[in-house]
Amino acid sequence: MQTDIDPRSLIGRKAFDRNGSKLGTVDEVYLDDATGVPEWAAIRTGLFSRDAFVPLEPSELVEGTLHVPYERALIKDAPDFGVGRHLSPEQELQLYHHYGLSLTDPTDPPQDQNFGHIAGQDS
């Protein structure tokens, strides 16, 4: 997404899915704790008056509306964490998995993902 956009200016904007179907309006914007970059938007979908979290990185702001490159059904089935609270790392991980997004920058070296094993000991 355009990084020069003030995240507060996204609130209240209409949001559309990849097919141009209206999703609802942006209710809240969540910033990355480390960088301060807008990372997630909570969209008030009108479907049972719930907010669906969508990633902002592959989304675009076009003529004052947010266009999310996912289908409405996938967005509707996103985990519901409520709004107004900080997203925990576990909740954010669930969202990454739901949308099939990579957790790391492809230029980063591979990370050791076996956190339960102590180096140098046989399991």
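For the numbers below, each heavy atom of this structure counts, side chains included, while hydrogens, waters and symmetry mates do not.
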**Q.** Distance in Å, Thr65 OG1 paired with Glu60 CD, rounded so as to fall on 0.5 Å steps
**A.** 10.0 Å

Q) At their closest point, which heavy atom of Ala41 faces which heavy atom of Val26, and how far apart are they? A) CB-CG1, 4.2 Å

Q: Hey, could you give me the CG/CG distance between Asp27 and Asp51, rounded to the nearest 0.5 Å?
A: 4.0 Å

Q. In Å and rounded to the nearest 0.5 Å, what is the CZ to CD distance from Phe53 to Glu92?
A. 10.0 Å

**Q.** Heavy-atom closest pair, residues Gly82 and Tyr30
**A.** O-OH, 4.1 Å

Q. Do Val54 and Tyr70 touch side chain to side chain, with heavy atoms closer than 4.5 Å?
A. no

Q. Counting only N and O atoms by type, is there a donor-acceptor contact under 3.5 Å from the side chain of Arg72 to the main-chain atoms of Lys22?
A. yes

Q.
Are the side chains of Glu57 and Val37 in contact, using a 4.5 Å heavy-atom criterion?
A. no

Q. Same cluster or not: are Leu61 and Phe16 linked, directly or through other Ile, Leu, Val, Met, Phe, Trp or Tyr residues, by side-chain heavy atoms under 4.5 angstrom apart?
A. no

Q) Between the main-chain N or O of Ser21 and the side-chain N or O of Asn19, is there a donor-acceptor pair closer than 3.5 Å? A) no

Q: Measure the shortest side-chain to side-chain distance between His98 and Pro79 over non-hydrogen atoms and say whether it is less than 4.5 angstrom.
A: yes

Q: Considering non-hydrogen atoms only, spot the tightest contact between Ile75 and Tyr99 and give its length.
A: CA-OH, 3.7 Å

**Q.** Sub-4.5 Å side-chain heavy-atom contact between Glu39 and Leu56
**A.** no

Q: Give, for atom CG of Asp80 and atom CD of Gln94, the distance between the pair rounded to the nearest 0.5 Å.
A: 11.0 Å

Q. Does Phe81 belong to the same Ile/Leu/Val/Met/Phe/Trp/Tyr cluster as Leu101, with side-chain heavy atoms less than 4.5 Å apart forming each link?
A. yes

Q.
To the nearest 0.5 Å, what is the distance between CZ on Arg50 and CZ on Arg44?
A. 10.0 Å

**Q.** Leu66 to Ser59 - nearest heavy-atom pair and separation
**A.** CD1-CB, 3.9 Å

Q) Between Pro55 and Trp40, is any pair of side-chain heavy atoms under 4.5 Å apart? A) yes

Q: Kindly compute the distance separating CG (Leu31) from NE2 (His86), expressed to the nearest 0.5 Å.
A: 9.5 Å

